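Just so we're clear, the structure is a prediction, and the values are computed from it rather than from any experiment.
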Amino acid sequence: MKSETTTNGKPTSKQKKWLIILLKVLAILVIAVVVFIATVFIVNKISSKSEEGKIIPYGQSVKVDGKNMNVLIQGQGKETIVLLPGYGTAAPALDFKPLIEELSPYYKVVMVEPFGYGLSDGTKKERTTENIVSEIHEALQSLHIDRYMLMGHSIAGIYGIDYVNKYPTEVSAFVGIDSSVPTQGGMDVKFPTGSFKLLKQSGFGRLLFKFGTDPYAGLPYDDETKEQIRMLSLKNMYEPTTLNEMEHIYSNFVAAQKLKFPKNLPLIFFIQANNTGVEGWIPLHEEQIKDSLHGKVMTMEGSHYLHHTKSKEITENLRRFMEEIK
(Lines give C-alpha, C1' and ligand atoms only; values in the text may rest on other atoms or scores of the structure.)
Protein backbone atom coordinates (compact mmCIF):
# COMPACT_ATOMS: atom_id res chain seq x y z
CA MET A 1 0.00 0.00 0.00
CA LYS A 2 1.24 3.49 -0.88
CA SER A 3 1.75 6.01 1.95
CA GLU A 4 -0.11 9.38 1.83
CA THR A 5 3.18 11.22 2.40
CA THR A 6 6.66 10.69 1.11
CA THR A 7 9.43 9.65 3.40
CA ASN A 8 11.00 13.09 3.39
CA GLY A 9 7.76 14.76 4.62
CA LYS A 10 6.84 16.39 1.31
CA PRO A 11 3.12 16.46 0.32
CA THR A 12 1.84 13.83 -2.05
CA SER A 13 0.26 14.65 -5.40
CA LYS A 14 -3.18 14.21 -3.81
CA GLN A 15 -2.36 16.76 -1.09
CA LYS A 16 -0.99 19.14 -3.69
CA LYS A 17 -4.21 18.84 -5.63
CA TRP A 18 -6.31 19.78 -2.59
CA LEU A 19 -3.95 22.64 -1.76
CA ILE A 20 -4.33 24.02 -5.29
CA ILE A 21 -8.13 23.76 -5.03
CA LEU A 22 -8.09 25.55 -1.66
CA LEU A 23 -5.92 28.35 -3.03
CA LYS A 24 -8.19 28.75 -6.04
CA VAL A 25 -11.26 28.97 -3.79
CA LEU A 26 -9.54 31.58 -1.61
CA ALA A 27 -8.50 33.54 -4.70
CA ILE A 28 -12.07 33.48 -6.02
CA LEU A 29 -13.38 34.70 -2.65
CA VAL A 30 -10.82 37.52 -2.52
CA ILE A 31 -11.65 38.55 -6.09
CA ALA A 32 -15.38 38.45 -5.31
CA VAL A 33 -14.89 40.68 -2.24
CA VAL A 34 -12.73 43.13 -4.22
CA VAL A 35 -15.27 43.23 -7.06
CA PHE A 36 -18.11 43.78 -4.56
CA ILE A 37 -16.27 46.65 -2.81
CA ALA A 38 -15.37 48.21 -6.17
CA THR A 39 -18.97 47.89 -7.37
CA VAL A 40 -20.34 49.56 -4.22
CA PHE A 41 -17.80 52.39 -4.63
CA ILE A 42 -18.53 52.92 -8.33
CA VAL A 43 -22.31 52.74 -7.92
CA ASN A 44 -22.11 55.32 -5.13
CA LYS A 45 -20.04 57.69 -7.28
CA ILE A 46 -22.35 57.36 -10.28
CA SER A 47 -25.51 57.67 -8.16
CA SER A 48 -24.19 60.71 -6.29
CA LYS A 49 -23.33 62.46 -9.55
CA SER A 50 -26.73 61.62 -11.01
CA GLU A 51 -28.61 62.84 -7.93
CA GLU A 52 -26.81 66.20 -7.96
CA GLY A 53 -28.84 67.16 -11.03
CA LYS A 54 -32.10 65.91 -9.57
CA ILE A 55 -32.06 67.94 -6.35
CA ILE A 56 -34.57 70.77 -6.72
CA PRO A 57 -33.39 74.09 -5.20
CA TYR A 58 -35.56 75.78 -2.59
CA GLY A 59 -35.22 78.87 -0.44
CA GLN A 60 -32.51 81.44 -1.01
CA SER A 61 -28.77 81.68 -0.40
CA VAL A 62 -27.22 84.32 1.82
CA LYS A 63 -23.52 85.01 2.18
CA VAL A 64 -22.13 84.07 5.58
CA ASP A 65 -18.40 84.09 6.25
CA GLY A 66 -17.84 84.03 2.49
CA LYS A 67 -19.95 80.91 1.96
CA ASN A 68 -23.57 80.22 0.97
CA MET A 69 -26.11 79.47 3.70
CA ASN A 70 -29.56 78.39 2.57
CA VAL A 71 -32.65 79.97 4.16
CA LEU A 72 -36.32 79.27 3.41
CA ILE A 73 -38.82 82.05 4.17
CA GLN A 74 -42.55 81.35 4.12
CA GLY A 75 -45.56 83.26 5.42
CA GLN A 76 -46.46 86.94 5.77
CA GLY A 77 -47.28 87.23 9.48
CA LYS A 78 -46.35 90.32 11.47
CA GLU A 79 -44.33 88.20 13.91
CA THR A 80 -41.34 86.14 12.80
CA ILE A 81 -40.29 82.65 13.87
CA VAL A 82 -36.75 81.48 13.18
CA LEU A 83 -36.54 77.68 12.99
CA LEU A 84 -33.36 75.74 13.78
CA PRO A 85 -32.98 71.98 13.09
CA GLY A 86 -31.70 69.18 15.27
CA TYR A 87 -28.34 67.53 14.68
CA GLY A 88 -27.97 65.74 11.36
CA THR A 89 -31.28 66.79 9.81
CA ALA A 90 -30.27 66.37 6.18
CA ALA A 91 -32.84 68.71 4.61
CA PRO A 92 -34.29 70.97 7.34
CA ALA A 93 -36.62 73.02 5.11
CA LEU A 94 -38.19 69.79 3.81
CA ASP A 95 -38.12 67.88 7.08
CA PHE A 96 -39.95 70.72 8.87
CA LYS A 97 -42.46 71.15 6.05
CA PRO A 98 -45.53 70.10 8.12
CA LEU A 99 -44.67 72.60 10.86
CA ILE A 100 -43.78 75.39 8.42
CA GLU A 101 -47.14 74.94 6.69
CA GLU A 102 -49.01 75.10 10.01
CA LEU A 103 -47.11 78.18 11.23
CA SER A 104 -46.98 80.22 8.00
CA PRO A 105 -50.66 81.37 7.99
CA TYR A 106 -49.92 83.22 11.25
CA TYR A 107 -46.18 83.97 11.20
CA LYS A 108 -43.30 84.77 8.89
CA VAL A 109 -41.30 81.53 9.19
CA VAL A 110 -37.56 81.57 8.56
CA MET A 111 -35.98 78.11 8.31
CA VAL A 112 -32.21 78.36 8.61
CA GLU A 113 -30.09 75.52 7.25
CA PRO A 114 -26.71 75.79 9.03
CA PHE A 115 -23.50 74.93 7.20
CA GLY A 116 -23.43 71.25 6.32
CA TYR A 117 -27.23 70.98 6.25
CA GLY A 118 -29.71 71.00 3.38
CA LEU A 119 -28.50 73.13 0.47
CA SER A 120 -25.98 75.12 2.52
CA ASP A 121 -22.24 74.89 1.90
CA GLY A 122 -19.93 73.01 4.18
CA THR A 123 -17.23 74.77 6.17
CA LYS A 124 -13.83 73.97 7.68
CA LYS A 125 -14.55 76.23 10.64
CA GLU A 126 -14.80 74.34 13.93
CA ARG A 127 -18.40 73.47 14.87
CA THR A 128 -18.35 75.13 18.27
CA THR A 129 -21.55 76.66 19.59
CA GLU A 130 -19.91 80.07 19.31
CA ASN A 131 -19.26 79.68 15.57
CA ILE A 132 -22.64 78.10 14.78
CA VAL A 133 -24.58 80.80 16.66
CA SER A 134 -22.53 83.59 15.09
CA GLU A 135 -23.14 82.23 11.57
CA ILE A 136 -26.90 81.91 12.09
CA HIS A 137 -27.03 85.46 13.41
CA GLU A 138 -25.02 86.76 10.46
CA ALA A 139 -27.50 85.12 8.07
CA LEU A 140 -30.45 86.79 9.81
CA GLN A 141 -28.69 90.14 9.87
CA SER A 142 -28.07 89.98 6.12
CA LEU A 143 -31.82 89.39 5.68
CA HIS A 144 -32.61 92.36 7.98
CA ILE A 145 -34.41 90.09 10.44
CA ASP A 146 -33.85 91.57 13.87
CA ARG A 147 -36.88 90.62 16.00
CA TYR A 148 -38.18 87.07 16.19
CA MET A 149 -39.10 84.02 18.24
CA LEU A 150 -36.42 81.33 18.15
CA MET A 151 -37.75 77.79 17.72
CA GLY A 152 -35.33 74.88 17.85
CA HIS A 153 -35.42 71.11 17.76
CA SER A 154 -33.13 68.75 19.69
CA ILE A 155 -29.53 70.05 19.84
CA ALA A 156 -30.80 73.53 18.91
CA GLY A 157 -31.70 73.71 22.60
CA ILE A 158 -27.95 73.92 23.28
CA TYR A 159 -27.28 76.46 20.57
CA GLY A 160 -30.49 78.31 21.45
CA ILE A 161 -29.64 78.95 25.10
CA ASP A 162 -26.35 80.50 23.98
CA TYR A 163 -28.08 82.47 21.23
CA VAL A 164 -30.73 84.10 23.46
CA ASN A 165 -28.03 85.19 25.91
CA LYS A 166 -25.90 86.70 23.16
CA TYR A 167 -28.75 88.52 21.38
CA PRO A 168 -31.37 89.22 24.09
CA THR A 169 -32.79 92.32 22.38
CA GLU A 170 -33.60 90.36 19.22
CA VAL A 171 -35.23 87.19 20.57
CA SER A 172 -38.82 87.66 21.81
CA ALA A 173 -39.37 84.02 22.94
CA PHE A 174 -37.74 80.59 22.82
CA VAL A 175 -39.69 77.52 21.73
CA GLY A 176 -38.16 74.08 22.20
CA ILE A 177 -39.28 71.01 20.25
CA ASP A 178 -37.99 68.11 22.33
CA SER A 179 -34.93 70.28 22.73
CA SER A 180 -31.68 69.18 24.37
CA VAL A 181 -30.81 70.27 27.91
CA PRO A 182 -27.18 71.09 28.84
CA THR A 183 -27.29 68.86 31.95
CA GLN A 184 -28.78 65.75 30.34
CA GLY A 185 -26.73 62.60 30.71
CA GLY A 186 -25.03 60.40 28.15
CA MET A 187 -23.45 63.14 26.04
CA ASP A 188 -19.83 62.20 26.77
CA VAL A 189 -19.86 59.43 24.14
CA LYS A 190 -16.85 59.13 21.86
CA PHE A 191 -18.24 58.90 18.33
CA PRO A 192 -16.36 56.83 15.68
CA THR A 193 -16.19 59.68 13.17
CA GLY A 194 -13.33 58.00 11.28
CA SER A 195 -15.52 54.96 10.61
CA PHE A 196 -18.41 57.19 9.51
CA LYS A 197 -16.10 59.00 7.09
CA LEU A 198 -14.98 55.66 5.62
CA LEU A 199 -18.61 54.56 5.19
CA LYS A 200 -19.28 57.74 3.22
CA GLN A 201 -16.20 57.54 1.02
CA SER A 202 -16.51 53.81 0.28
CA GLY A 203 -20.18 53.95 -0.66
CA PHE A 204 -21.22 51.52 2.06
CA GLY A 205 -23.10 54.34 3.78
CA ARG A 206 -25.42 54.42 0.77
CA LEU A 207 -25.78 50.63 0.89
CA LEU A 208 -26.75 50.69 4.58
CA PHE A 209 -29.14 53.56 3.92
CA LYS A 210 -30.80 51.60 1.12
CA PHE A 211 -31.55 48.62 3.35
CA GLY A 212 -32.56 50.69 6.37
CA THR A 213 -36.13 51.54 7.34
CA ASP A 214 -37.84 54.58 5.83
CA PRO A 215 -38.04 57.21 8.62
CA TYR A 216 -40.78 59.07 6.70
CA ALA A 217 -43.06 56.10 6.04
CA GLY A 218 -46.64 56.91 7.02
CA LEU A 219 -45.87 60.58 7.67
CA PRO A 220 -47.53 63.57 5.92
CA TYR A 221 -44.95 63.97 3.15
CA ASP A 222 -45.66 63.53 -0.56
CA ASP A 223 -43.50 61.16 -2.61
CA GLU A 224 -41.57 63.97 -4.32
CA THR A 225 -40.63 65.54 -0.99
CA LYS A 226 -39.54 62.17 0.40
CA GLU A 227 -37.39 61.54 -2.66
CA GLN A 228 -35.73 64.96 -2.30
CA ILE A 229 -35.06 64.24 1.39
CA ARG A 230 -33.58 60.86 0.45
CA MET A 231 -31.15 62.40 -2.04
CA LEU A 232 -30.13 65.19 0.33
CA SER A 233 -29.69 62.64 3.13
CA LEU A 234 -27.23 60.71 0.96
CA LYS A 235 -25.49 63.92 -0.10
CA ASN A 236 -25.03 65.28 3.43
CA MET A 237 -24.55 62.01 5.31
CA TYR A 238 -21.23 61.88 7.19
CA GLU A 239 -19.91 65.02 5.51
CA PRO A 240 -16.86 66.69 7.17
CA THR A 241 -18.89 69.64 8.52
CA THR A 242 -21.42 67.57 10.46
CA LEU A 243 -18.75 65.06 11.53
CA ASN A 244 -16.83 67.97 13.03
CA GLU A 245 -20.03 69.07 14.77
CA MET A 246 -20.38 65.53 16.14
CA GLU A 247 -16.87 65.76 17.60
CA HIS A 248 -17.86 68.99 19.40
CA ILE A 249 -21.15 67.72 20.84
CA TYR A 250 -19.87 66.98 24.34
CA SER A 251 -17.80 70.16 24.67
CA ASN A 252 -20.76 72.22 23.41
CA PHE A 253 -23.03 70.65 26.04
CA VAL A 254 -20.46 71.34 28.77
CA ALA A 255 -20.08 74.98 27.66
CA ALA A 256 -23.87 75.45 27.86
CA GLN A 257 -24.08 74.23 31.46
CA LYS A 258 -23.12 77.65 32.79
CA LEU A 259 -26.00 79.32 30.95
CA LYS A 260 -29.66 79.90 31.85
CA PHE A 261 -32.54 81.26 29.85
CA PRO A 262 -33.21 84.94 30.69
CA LYS A 263 -35.87 85.27 33.38
CA ASN A 264 -38.06 87.64 31.33
CA LEU A 265 -37.91 85.60 28.11
CA PRO A 266 -41.13 83.72 27.32
CA LEU A 267 -40.17 80.05 27.24
CA ILE A 268 -42.22 77.06 26.11
CA PHE A 269 -41.08 73.47 25.61
CA PHE A 270 -42.99 70.85 23.62
CA ILE A 271 -41.58 67.61 24.99
CA GLN A 272 -41.91 63.94 24.14
CA ALA A 273 -44.00 62.38 26.91
CA ASN A 274 -42.47 58.92 26.75
CA ASN A 275 -38.74 59.54 26.27
CA THR A 276 -37.02 56.51 27.80
CA GLY A 277 -33.58 57.28 26.38
CA VAL A 278 -32.74 60.21 28.67
CA GLU A 279 -33.26 59.91 32.41
CA GLY A 280 -35.51 62.63 33.86
CA TRP A 281 -36.35 64.12 30.45
CA ILE A 282 -39.42 66.06 31.66
CA PRO A 283 -37.94 67.21 35.01
CA LEU A 284 -34.86 68.49 33.15
CA HIS A 285 -37.08 70.85 31.15
CA GLU A 286 -39.14 71.81 34.19
CA GLU A 287 -35.88 72.82 35.84
CA GLN A 288 -35.12 75.10 32.88
CA ILE A 289 -38.36 77.09 33.33
CA LYS A 290 -38.45 77.23 37.13
CA ASP A 291 -37.13 80.81 37.32
CA SER A 292 -38.93 82.03 34.19
CA LEU A 293 -41.73 84.59 34.50
CA HIS A 294 -43.42 83.04 31.48
CA GLY A 295 -42.39 79.40 31.27
CA LYS A 296 -44.31 76.29 30.27
CA VAL A 297 -43.62 72.61 29.57
CA MET A 298 -46.12 70.68 27.45
CA THR A 299 -45.79 66.93 26.90
CA MET A 300 -46.94 65.25 23.70
CA GLU A 301 -47.25 61.64 22.62
CA GLY A 302 -44.91 60.97 19.73
CA SER A 303 -41.31 60.43 18.70
CA HIS A 304 -38.37 62.76 19.24
CA TYR A 305 -39.40 64.39 15.94
CA LEU A 306 -42.65 65.84 17.28
CA HIS A 307 -42.88 68.27 14.37
CA HIS A 308 -43.51 65.31 12.06
CA THR A 309 -46.83 64.42 13.67
CA LYS A 310 -47.77 67.21 16.11
CA SER A 311 -47.29 70.36 14.02
CA LYS A 312 -50.91 71.46 14.35
CA GLU A 313 -50.88 71.04 18.14
CA ILE A 314 -47.52 72.83 18.45
CA THR A 315 -48.84 75.79 16.44
CA GLU A 316 -52.13 76.04 18.32
CA ASN A 317 -50.52 75.86 21.75
CA LEU A 318 -47.75 78.31 20.83
CA ARG A 319 -50.32 80.86 19.65
CA ARG A 320 -52.36 80.38 22.81
CA PHE A 321 -49.27 80.70 25.02
CA MET A 322 -48.16 83.95 23.37
CA GLU A 323 -51.69 85.41 23.56
CA GLU A 324 -51.85 84.63 27.28
CA ILE A 325 -48.59 86.50 27.83
CA LYS A 326 -49.84 89.52 25.92
Side-chain angles (χ1 to χ4, degrees), residues 58-59 72 74-75 77 81-114 117-118 149-160 173-181 184 209 212-234 236-237 267-286 288-289 296-323:
Y58 53 80
L72 177 77
Q74 187 171 318
I81 291 179
V82 172
L83 264 174
L84 303 180
Y87 175 77
T89 302
L94 302 181
D95 181 84
F96 280 81
K97 189 175 180 180
L99 182 57
I100 293 169
E101 290 180 346
E102 288 291 341
L103 290 170
S104 56
Y106 313 103
Y107 303 98
K108 176 182 178 180
V109 184
V110 181
M111 179 80 242
V112 179
E113 297 188 329
Y117 291 70
M149 285 183 268
L150 193 63
M151 178 182 283
H153 172 243
S154 196
I155 203 170
I158 301 304
Y159 306 145
F174 182 82
V175 185
I177 303 173
D178 218 39
S179 50
S180 301
V181 180
Q184 71 185 68
F209 188 92
T213 57
D214 179 5
Y216 294 92
L219 295 177
Y221 297 83
D222 58 74
D223 289 342
E224 183 179 345
T225 299
K226 287 198 288 187
E227 177 61 10
Q228 290 294 311
I229 292 174
R230 183 192 70 83
M231 291 188 292
L232 281 165
S233 295
L234 289 165
N236 293 327
M237 177 176 59
L267 190 60
I268 183 168
F269 294 116
F270 298 105
I271 301 302
Q272 183 187 9
N274 56 338
N275 185 327
T276 57
V278 181
E279 186 178 351
W281 188 238
I282 295 171
L284 282 167
H285 290 86
E286 290 173 338
Q288 282 194 302
I289 68 163
K296 190 172 186 177
V297 173
M298 293 195 69
T299 59
M300 293 181 169
E301 296 295 332
S303 73
H304 177 53
Y305 297 87
L306 290 172
H307 56 282
H308 287 171
T309 56
K310 298 294 181 180
S311 292
K312 186 176 180 63
E313 293 89 336
I314 290 171
T315 301
E316 289 174 349
N317 283 285
L318 172 60
R319 292 182 67 210
R320 190 176 301 120
F321 174 72
M322 296 306 293
E323 284 298 323

Of all the heavy-atom pairs spanning [X] and [Y], show the shortest one and how long it is.
X: T213; Y: P215; value: O-CD, 3.2 Å
X: N317; Y: E313; value: ND2-O, 2.7 Å
X: P85; Y: V112; value: CD-O, 3.5 Å
X: L267; Y: F321; value: O-CZ, 3.6 Å
X: T225; Y: K97; value: OG1-NZ, 3.2 Å
X: I155; Y: Y87; value: CG2-N, 3.4 Å

Margin query: Between R230 and E227, does any NZ, NE, NH1 or NH2 come within less than 4.0 Å of an OD or OE carboxylate oxygen?
Written below: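 Yes, E227 and R230 are salt-bridged.
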Rounded at 0.5 Å granularity, tell me how far [atom1] in [X] sits from [atom2] in [Y].
X: I177; Y: M151; atom1: CD1; atom2: CE; result: 5.0 Å
X: T309; Y: M300; atom1: OG1; atom2: CE; result: 9.0 Å
X: I229; Y: T89; atom1: CD1; atom2: OG1; result: 10.0 Å
X: I314; Y: F270; atom1: CD1; atom2: CZ; result: 6.0 Å
X: K310; Y: T315; atom1: NZ; atom2: OG1; result: 13.0 Å
X: I100; Y: L72; atom1: CD1; atom2: CG; result: 5.5 Å

Is there side-chain contact between [X] and [Y], with at least one heavy-atom pair below 4.5 Å?
X: L234; Y: M231; value: no
X: M111; Y: L99; value: no
X: V278; Y: V181; value: no
X: Y106; Y: R319; value: yes
X: L94; Y: Y221; value: no
X: L83; Y: H307; value: no
X: E101; Y: S311; value: no
X: S179; Y: H285; value: yes

Backbone N/O of [Y] and side chain of [X]: donor-acceptor pair under 3.5 Å:
X: D95; Y: A90; answer: no
X: Y117; Y: G88; answer: yes
X: T299; Y: I271; answer: no

Note to self: Set out, in order, the CA-CA distance, both residues' side-chain angles and the distance that settles side chain to side chain contact (heavy atoms under 4.5 Å, CB included) for L318 and I81, then state yes or no.
What the structure shows: CA-CA 11 Å; L318 172 60; I81 291 179; 3.7 Å; yes
Notebook entry, point to check: Out of Q288, E286, K296, M298, which one pairs with F269 under the side chain to side chain contact (heavy atoms under 4.5 Å, CB included) rule?
Noted result: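 Exactly one pass, corresponding to Q288.
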Check: Should we say atom CD of E279 is surrounded by more than 12 heavy atoms from elsewhere, each under 6.0 Å from it?
Finding: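 Atom CD in E279 is not packed in, count stays at 12 or less.
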Item checked: Option passing side-chain hydrogen bond (donor to acceptor under 3.5 Å, both in side chains) with Y58 (candidates Q228, E113, Q74) ->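 Per the side-chain hydrogen bond (donor to acceptor under 3.5 Å, both in side chains) rule, the option paired with Y58 is E113, out of Q228, E113, Q74.
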Next item on the list: Can you label the angle between the Y305 ring and the H153 ring as parallel, tilted or perpendicular, going by 30° and 60°?
Entry: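 Answer is tilted, since the angle falls between 30° and 60°.
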